[in-house]
Structures are given as C-alpha cells and as structure tokens.
Undergrad: 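Just dropping this structure here.
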Amino acid sequence: MKFLNDMKPTTDLTYSDVFMVPSRSSVGSRMGVDLHTADGTGTTIPLVVANMTAVAGRRMAETIARRGGIAIIPQDIPADVVIDTIRKVKESHLIFDTPITVKPHHTVGYAKHLLPKRAHGAAIVVEDDAPIGIITRRDLRGVDNFDQVGDVMSTELVTLPDTVDAREAFDKLHATSRKIAPVVDSAGKLVGVLTRKGALRASLYEPAVDAQGRLRIGAAIGINGDVAARASELIEAGVDLLVVDTAHGHQETMIEALKKVRALSPSVPIAAGNVVTAAGVRDLAEAGADIIKVGVGPGAMCTTRMQTGVGRPQFSAVLECAAEARKLGVHVWADGGVKDPRDVALALAAGASNVMIGSWFAGTYESPGDIMVDSSGREYKESFGMASRRAVTNRNSKTEAFEKARREMFEEGISTARIYLPEGAGGVEDQVDSIISGVRSSFTYAGASNIEEFFERATVGIQSAAGYAEGQPRATR
Ligand SMILES: NC(=O)C1=CN([C@@H]2O[C@H](COP(=O)(O)OP(=O)(O)OC[C@H]3O[C@@H](n4cnc5c(N)ncnc54)[C@H](OP(=O)(O)O)[C@@H]3O)[C@@H](O)[C@H]2O)C=CC1
Ligand SMILES: Nc1nc2c(ncn2[C@@H]2O[C@H](COP(=O)(O)O)[C@@H](O)[C@H]2O)c(=O)[nH]1
Ligand SMILES: [K+]
C-alpha cells in the first residue's frame, strides 16, 4: 500500500479518514477476484466473526463457514457447550442450510418462536424424518398461536434431491415459483433446505473447510486459569483455530499463556491479541502467535478509549502492525470498528489477512440472541461488549462474591445496544453479500486479483470529514 502523492500522515488515521483512488486495471471482472486468505485459517473470504456472546454461536458459525468465513466461539461459553458446537458445525452440510423442523401436532406459537432462528424463514413439518409440509411466516399470519401446525401448513411440497447441484436447484425453484424447498435423500428423509438465494450463493462462494472437507470453526480462550488444559480440550474436539484473547494483549500474562498454548504444538493456527503497536506484534509473535489480532478501542460496544484514553485509530494500527508482522512471517487480523464494506477493503489495503466483525453481525437472524420488535415494528437484537458489566457478571457468576465485585468495577463496554436487522436483509449472508461485493469491486478498482496484490497496489489518500461526508449517499437535495 502507498499513500497518494507520497503523503506522510501527520496523525494516526482511522477508516473514515482515508479513501482509495482507482488505478489502471487489467482485472476484467469482479467475479475474477480471488479472496482466499494466506494466514492458515482456510477462509475463502477475509471475514472472521468476533468472539462475542451476542454474536458468535452455532448458527452463526455454520452459516459463515458455508460462505467461506470463520466464527470464533467466545471464551465465556462452557467447554462442553463449545465442544458440542464444534461437533454440530462439523456435521453441517456444505451446501444445504440446516432446517427448522416441527411436528404436525406442534402449536403455531411454537413454530413462530423458531422461525427467526434462521434467515430462510421456513419450518419443515416432518413425520418419521420425512417432510410432509412447510410453514412460512406468511402461513402463520392471522392464525391463533394455539392452532396446530398440521392444520395450517402448506402440503404442496416441491422437494430437491440431495444430489442436486446449485444451478439445477436454482432453476427448479425458479420454475416452480418457490423461494425454498426441503432437500431429501434417496429414502425421502429430510437432509436440509435450500433457498433460491442459497443456491445462487453456493455457486458464488466456496465453504471454508478442514482437511476432511467439514466446515471450519474457531474458539477463543482467555489468559487466566488452566489455559493449556482448555486449549488441549478444544484441539481434541477438532477446533480449527485458537484465539488467545484479552483486552490488553501486550501484557506478560498473555505472553505466558501464549507460550503454554504454543508448547502444545497444535496443528491449528494460534491467533492472539489485542495489540496496536509493532512492539506488541513482536512480543506476541515471539511467544508463538501465528496471527496477531489488532484493535484497541474501535469496537462498537467498546468504551476503552473513553475510560482510559488508550487505543489507536484503527487504520494506522493495522498498517503498522501488518508491516511488522510481514517482517516476522506472521499475519494480522483487523479487529473492530467495521461499519461498512469499505472498512473491510481498507483493512485489507492496510495489510490485514482477515477482518473481524462483531456488532454489525449481532443484528442478524443467525446471532444467538432473541429477536425483539420495537414500537414501530422494526426487528432488532441486543448486543453487549465482552468487557461490559453484563459480560463480566456472566463470566464471574461462579466467582466468590468479593472478587466478583472487584472485577465488576472495571467496565469497558456497553451492556446493551439495539442492533437493527435491515428490513428484508436480516441474514448474516445478506451482510456478507454486501461486504464481499464491495470488496471484490474495490479490488478491481485497484487492479488487484487477490489479497496480496491488493495490499501491493492500493493507493490511499487522506480526507477531511467533508470528504468522507461527500461519499455518503444523499437521498434528498
Ligand atoms: N479490543 C478491545 O479494545 C477490547 C476488547 N475487550 C474484549 O473483552 C473480553 C474480555 O477481556 P478482558 O477484560 O481482558 O478479560 P479477561 O478475563 O481476559 O482478563 C483480563 C486479565 O488481564 C489483566 N489485566 C491487566 N491489565 C488489564 C487491562 N488494562 N485491561 C483488562 N485486563 C487487564 C486482568 O487483571 P485485573 O482484573 O486484576 O486487572 C485479568 O487478569 C475479551 O474478549 C476482549 O477481547 C475488552 C476491552 C478492550
Ligand atoms: N473495549 C471493548 N472492546 C470490546 C468489547 N467487546 C468486544 N470488543 C472488541 O470489539 C471487537 C468487535 O468490534 P465491532 O466494532 O465489530 O463490534 C471485538 O472483537 C473485541 O475486540 C468490550 O466490551 N469492550
Ligand atoms: K468504540
């Protein structure tokens, strides 16, 4: 990456402070851009879902990996639950979405509660594991909650064989005017569901898979307690990536924890953070990190900079850390502060191998929280920071009272925020489509066909607040 007109920034910069100029390009199509990452994570798009309780759970992990990203299960989740999550994600289909299933005797209220758990918005009614009907949101409108699913389901089913390829499936759904269909095996048993959009996406994205062809998933561990034991348990369970995570990653407890994990000689990459300086990168790389997580204070739920004055504007933090990481043969992830697709492109221009997103993805059907509806009828989910009072209280629920009270004094995150689901685009895949189309396009403006070329070719200028504002859409005047 170079600065436009060889400009030397006189202050540290964040994503909104900068822009990229187009360069002469020989990349003929945005679809010709290759977004595979080179940091050992196996992601085929440069997106990592942050280890936040309100963001990364089983459904998120499965869905993002199917499109080529990876989710990190938070350190606060009990080990047995994480192990079960790893198993379930690894059992998930690479093309078909996991169905929501109900029985004919279930109530409409029960089905209504389940529908928002998946973006595809349908439940398959099964008997002896075979689909006999389908229920969508439309079928449930104006129906009493205590009615039975069997009485209101639609039984004119179009099913797809599990041998179907993405294009055939799309064409069949289109020809039969269906948005979604159950997928069945040769015995007629339900295997999954496929939407028209899902079929299209299956042809545009490549799942992030392990050596055995199963979806990938990562998990985070903290720096206290028996770090080696927890890491071993996760490795044993088949985790594809370990993230050693704490607010102040450049501290000796982190370095000791990281050494213990490295001493296990795991066959999976180790990410560690967070830091924002070259010195931090050097120390974590020396202690055994393959990937350094960069970002102090840019997160949407994060109050660290307001509480402490500590942190660093994220574009400069990533730029400096990535430059150091390159010298040492390690990689960096840009963690936090992503609000728009452009921020992902700019993080890659600064040298990140992957970009971590938290709160934005909290506002999706796949995040763990329950859907809420505000007084104007808009759907939202609650998000909260991992250093908020809410998270600290949860994390320390079994801690002795005095120590718990002491820990609760240090609060560096917000405990509740409403993250609205965009109307008609509330699935994480809708957000991924938007981000990845933006990033692909950004690459072609720079004349780059892959992440490394983009980093080499990106030309970045510095803009005023008015320059940033000019780039935003204006619906009126
Ligand atoms: N990227 C960011 O800007 C930030 C991210 N977070 C996220 O919140 C989650 C919880 O992290 P964390 O609060 O570190 O909790 P942890 O449970 O990981 O504990 C942090 C440990 O580090 C010690 N420590 C020393 N200095 C600091 C410091 N300045 N801030 C925090 N801990 C310190 C603590 O000791 P003692 O309590 O005795 O001080 C404790 O032993 C993580 O997921 C983290 O990524 C949190 C804040 C900022
Ligand atoms: N200082 C804090 N940082 C936090 C907290 N919870 C999460 N985080 C960090 O934010 C990113 C995600 O950023 P986002 O802008 O996409 O939401 C996450 O990975 C953490 O590094 C917190 O309570 N305090
Ligand atoms: K912030």
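The structure presented is a predicted model; accordingly, all values stated were derived computationally and were not measured. Counting starts at 1 for both ligands and their atoms, in listed order.
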Undergrad: Below 3.4 Å, which protein N, O or S atoms neighbour the K ion (ligand 3), ignoring water?
TA: Gly297 O, Gly299 O, Cys302 O

Undergrad: Looking at Arg406, which atoms of ligand 1 are within less than 4.0 Å of one of its heavy atoms?
TA: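 Once the distances to Arg406 are compared, the set is 37 (O), 38 (O).
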
Undergrad: So is Gly222 in contact with ligand 1, going by heavy-atom distances below 4.0 Å?
TA: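 Heavy atoms of Gly222 never come under 4.0 Å of ligand 1.
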
Undergrad: Which residue from Val48, Asp335, Val294, Asn274 reaches closest to atom 20 (C) of ligand 2 through any of its heavy atoms?
TA: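 That would be Asp335.
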
Undergrad: Which is closest to atom 31 (C) of ligand 1 by heavy-atom distance: Ala220, Ala247, Gly311?
TA: Ala247

Undergrad: Which of the listed options, Asp245, Val294, Thr53, holds the heavy atom that is closest to atom 45 (O) of ligand 1?
TA: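 Shortest heavy-atom distance from atom 45 (O) of ligand 1: Asp245.
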
Undergrad: Any atoms of ligand 1 less than 4.0 Å from a non-hydrogen atom of Thr304? List them with their elements.
TA: 47 (C), 48 (C)

Undergrad: Check whether any protein heavy atom sits under 4.0 Å from atom 9 (C) of ligand 2.
TA: no

Undergrad: Is it the side chain (CB and beyond), the backbone, both or neither of Ala387 that lies under 4.0 Å from ligand 2, heavy atoms counted?
TA: both

Undergrad: Using a 4.0 Å cutoff against the non-hydrogen atoms of Ile223, which atoms of ligand 1 qualify?
TA: 21 (C), 22 (O)

Undergrad: Might you confirm whether atom CD of Glu252 has over 12 heavy atoms from other residues, nucleotides or ligands at distances under 6.0 Å?
TA: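 Atom CD in Glu252 is not crowded, with 12 or fewer foreign heavy atoms closer than 6.0 Å.
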
Undergrad: What about Pro298: any of its N or O atoms under 3.5 Å from an N or O on ligand 1?
TA: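 N/O-N/O distance below 3.5 Å does not exist for this pair.
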
Undergrad: Please work out which of Gly358, Ser359, Ala417 has its closest non-hydrogen atom nearest to atom 17 (O) of ligand 2.
TA: Ser359

Undergrad: Would you tell me which option among Ser388, Ala220, Ala56, Ala300 has the nearest heavy-atom contact to atom 14 (P) of ligand 2?
TA: Ala300

Undergrad: Which option wins on minimum heavy-atom distance to atom 29 (N) of ligand 1: His248, Gln75, Met254?
TA: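 It is His248 that holds the nearest heavy atom.
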
Undergrad: Does Arg378 make a cation-pi contact with Tyr420 (under 6.0 Å, within 45 degrees of the axis)?
TA: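 So Arg378 does make the cation-pi contact.
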
Undergrad: If we set the cut-off at 4.0 Å for heavy atoms, which region of Asn274 has an atom near ligand 1: side chain, backbone, both, or neither?
TA: side chain

Undergrad: Under 6.0 Å from the CZ atom of Arg30, do we count more than 12 heavy atoms belonging to anything else shown?
TA: no

Undergrad: Between Glu403, Gln251, Lys293, Arg395, which one has a non-hydrogen atom sitting closest to atom 17 (O) of ligand 1?
TA: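 Going through Glu403, Gln251, Lys293, Arg395 one by one, Arg395 has the nearest heavy atom to atom 17 (O) of ligand 1.
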
